[in-house]
Amino acid sequence: MKIQAVKGTRDFYPEDMARRNFIIDGWKTASIRNGFAEFDGPIFEYLAMYQQKSGDEIASQLFAFEDRGERMLAIRPEITPTLARMVNQRINTLPRPIKWFSVPRLCRAERPQKGRLREFFQWNVDIIGVDDCLADAEVIFCAVDYLMAAGLGSDDIIVRISSRRLLASLLEYFGIEESQLDKVYAVLDKKAKVPAEAFEKMLEETISDADKREKVLKLMAAESLVELEEFAGNDEKAKLAVDELKRLFEYLNVMGITEFCKFDIGIVRGLAYYTGIVYEIYDKSQQLRAICGGGRYDNLLADFGGPKISATGMGMGDCVLGIVLEEKGIFSKVGVYGACEYFVAYADDSLRNDALNIVAKLRKAGKVTDFSYKGGGLGKQLKQASTVGAKECVLVGQEFAEKKQLIIKDMASGEQKAVSDADFFALIKR
RNA sequence: GUGGGUGUAGCUCAGCUGGCAGAGCACUAGAUUGUGGUUCUAGGGGUCGCGGGUUCAAACCCCGUCACUCACCCCA
C-alpha cells in the first residue's frame, strides 16, 4: 500500500527545510532584536479551551481527539489561548511589560488553498500589560523590521491600519445599534474584497435606514485621519479613538517606518476579540491574502479567567509569506549545502584512513567537513565536493604519504597550494 | 458545505482521429586510475490514480470512484 502525505501538509526536503529555516530563523532573530522573549506551550490542549473562545462551530475546524483517559483534546489551531493561559498562571510574578514571542506549528482542518494549508508555522509577537498604543507601534515595527531584514521593502508590502474602537464609536454615533455592530463589521470587512456595487448592496441589506447607510458609505471612503476628525464631530469616544490613531502614526513616524504604513478604515478583521487598533500587512500586488494580522485584544486574559490586563499582538504565517519571498526571488539566495567548508578527497584507497583522520580533526576544530565513502579517483570526489557546495577541498595524495603535505584547493577559483599538515591545522585553529 | 481544474518516470509535462509508453530535468555509470562545475555517451526507473464498461485493440471513448489542487463559504 502506497502511503501519501495527508492533505494540506508539507514534506520538507532539505531544500524546503532551508527555506523554512530561513523564515523561522529570521523571525526569531527579529523578535530577540526587538526585545521579545521566546515561549512555547504544548502542541495540544483541552478542546474546551478553544471552544470557550471560538464557539462550537469552530470546533469542526479543529483537529480534535479523545485520549485514553477520555479527555477531549485538540491540536492547537493558534497559540494565543495558550499564551493567555500561561500568563494567567503566573500573572503575579511576571515582570511587566510582558514581551513574548513564539513560532508554533499549528493545525486547522480547513479546505487548503493557495496560501492556506492545514499545518503551518505562525510567528506570534505579543505585549501584555501596556495600554498605550506605543506597544502596538512596537509590534508593528517588529513585523516590519523582520520583513525588511528578509529583503522586502516599502515597494513590496504595506501595513494597513485602522481601529475597532474608532469604527465602533463612529457607527454608534451614526445611530447604529450596538447589537448590529458585528453584522456591520462583517460587511465592512468585505469592502476591499468585492466590487463597489456589491458592497453597497450588502450594506443595504444590513442597514435599512438610508441616511445611516449614506454616512457609513462616506466614512468608508475616508482616506485620512483628518477626514475622520470631521466625522467624529463632538463625540468624545470617537475623538479619543482618532487621537489614539494619530499617536500611533506619530510613533511609527518617529521609528521611521511611515512609508510602510497607511491608514485604511477597511481593515476590520473578522475576529471578535479585537478591541482597539487593528492592522494587516499585505503584499503590494494585493493578489494574496494577508501576510500578517494583528491588533489589540484587551479582554483576552479576562476571558480566560485572569485579571483585566490589556494586550496587543500579531501573527504571521509562513504560507503566504513563503509565496511572497518566492515571488520576490529572495529564496533563490538561500542555499542548501552552502555550509560545507571542507571536503577531504584522497587519491588512493591506501590514503583513506589518513583522510578520515584529517576529517575528524577538522570536525573537532569546528569545521563543517565531508568526504567520500567510495573514493574512486580524485575526479569523482571533486565532483561530489561540487555537488555538496564545498568551499575548499583538502587533497590527500602521495605527497602526504611521503612528506605530510596537503593540497588545499579553493573550489571557487580553482587555485590550489601545498602546505604541511601541521601548518594547515595551525591555521585552522585560530 | 458549493463550484471548476488536474491525475502518465523521482520532478515538470507531451502523447494527434483508439494502434509498441515518450521528452526535458534529476539520478547512476562511462569518456576521465592525481583535479570539480561544462560537454558527450550509455543505463536504470511506469499498476498511464483506482474499478468497471465499449472495442480485434484503451493513457485516449463511456460510467463510477478516489486523490490532489484552485476559487467561493469561513478564517481564531
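Both backbone and side-chain heavy atoms feed into the values below; hydrogens, waters and symmetry mates do not. Keep in mind it's a predicted model, so treat the numbers as computed, not measured.
Here A:Lys262 pairs with nothing under the salt bridge (Lys or Arg N to Asp or Glu O under 4.0 Å) rule; sequence neighbours left out. Partners of A:Arg85 by salt bridge (Lys or Arg N to Asp or Glu O under 4.0 Å), not counting sequence neighbours, listed by chain and number: A:Glu45.
Remark: RNA chain B forms stems of 3 or more consecutive Watson-Crick or G-U wobble pairs, all pair distances under 3.5 Å, at B:1-7 with B:66-72, B:10-13 with B:22-25, B:27-31 with B:39-43, B:49-53 with B:61-65.
Heavy atoms of A:Glu415 sit nowhere under 4.0 angstrom from any nucleic acid atom. Using a 4.0 Å heavy-atom cutoff across all strands shown, A:Gly414 reaches at least one base atom of the nucleic acid. Contact annotation for A:Gln381: no contact, since no heavy-atom pair falls under 4.0 Å across all strands. If you check every strand for non-hydrogen atoms under 4.0 Å, A:Gly379 touches sugar and phosphate atoms only.
Here A:Lys7 reaches the OP1 or OP2 of B:C68: one of its side-chain N or O atoms lies under 4.0 Å away. For B:G34, the OP1/OP2 oxygens have no side-chain nitrogen or oxygen of A:Lys409 closer than 4.0 Å. In this structure, A:Lys374 reaches the B:A29 phosphate: one of its side-chain N or O atoms is under 4.0 Å from OP1 or OP2.
Nucleotides B:C70 and B:C63 place their P atoms 27 Å apart, quoted to the nearest Å. Nucleotides B:G15 and B:A76 are separated by 44 Å at their P atoms, to the nearest Å. A gap of 29 Å separates the P atoms of B:A21 and B:C40, to the nearest Å. Comparing the same atom, C1', in B:U55 and in B:U17 gives a spacing of 15 Å after rounding to whole Å. With both ends at atom P, the span from B:G18 to B:A57 equals 15 Å, rounded to whole Å. Comparing B:G10 with B:G5, their P atoms are spaced 27 Å from each other, to the whole Å. For the P atoms, the distance linking B:G46 with B:U65 amounts to 31 Å, nearest Å. B:A29 and B:C48: their C1' atoms are spaced 29 Å apart (whole Å).
Checked by distance alone, A:Ser386 brings a side-chain donor or acceptor within 3.5 Å of a matching partner on the base of B:G36. Residue-to-nucleotide contacts include a donor-acceptor pair under 3.5 Å from the side chain of A:Gln416 to the base of B:U35. At a cut-off of 3.5 angstrom, the base of B:C75 holds no donor-acceptor pair with the side chain of A:Arg111.
A:Tyr282 carries A:Arg160 over the face of its six-membered ring, with the cationic atom under 6.0 Å from the centre and within 45° of the normal.
Here the rule is side chain to side chain contact (heavy atoms under 4.5 Å, CB included) with A:Gln416, and of A:Asp410, A:Ile408, A:Ile407 only A:Ile407 fits it.
Computed from coordinates, the A:Gln113 CD to B:U6 P distance equals 19 Å when rounded to whole Å. The interatomic distance linking A:Met314 (CE) with B:A76 (C1') rounds to 16 Å, in whole Å. Remark: C1' of B:C73 and CZ of A:Arg289 are 12 Å apart, rounded to the nearest angstrom. Across the protein-nucleic acid pair, A:Leu62 atom CG and B:A76 atom P stand 13 Å apart, rounded to whole Å. What separates CD of A:Glu399 from P of B:G34 is a distance of 12 Å, to the nearest Å. Atom-to-atom, CZ of A:Arg118 to C1' of B:C75 comes out at 14 Å; the value is rounded to the nearest Å. As a whole-Å value, the separation of A:Gln61 CD from B:G1 P is 12 Å. Between A:Phe120 atom CZ and B:C75 atom P there is a gap of 15 Å when expressed in whole angstrom units.
You'll find that the side chain of A:Lys383 is closest to B:G37, out of B:C70, B:G30, B:G37. For A:Met411, taking side-chain heavy atoms from C-beta onward, the closest of the listed nucleotides B:G36, B:G30, B:C75 is B:G36. The side chain of A:Pro112 approaches B:U69 more closely than any other nucleotide in the set B:U69, B:A76, B:C74. Checking B:C75, B:A71, B:G34 against every side-chain atom of A:Arg108, the shortest atom distance belongs to B:C75.
A donor atom on one side chain and an acceptor atom on the other are not found under 3.5 Å apart for A:Arg111 and A:Gln61. For the residue pair A:Asp132 and A:Tyr251, a side-chain donor N or O sits within less than 3.5 Å of a side-chain acceptor on the partner. Using a 3.5 Å distance cut-off with no hydrogens or angles, the side chains of A:Asp136 and A:Thr312 do pair a donor with an acceptor.
Between A:Ile407 and A:Glu110, the residue anchored nearer the 5' end of RNA chain B, judged by the nucleotide with its closest heavy atom, is A:Ile407. Annotation: of the two residues near RNA chain B, A:Gly377 and A:Lys380, the 5′-most nearest-nucleotide partner is A:Lys380.
Residues A:Phe65 and A:Phe44 place their aromatic rings such that the two centres sit under 6.0 Å apart. The ring of A:Trp123 has its center closer than 6.0 angstrom to the ring center of A:Tyr146. For A:Tyr373 and A:Phe371, the gap between ring centers is short of 6.0 Å.
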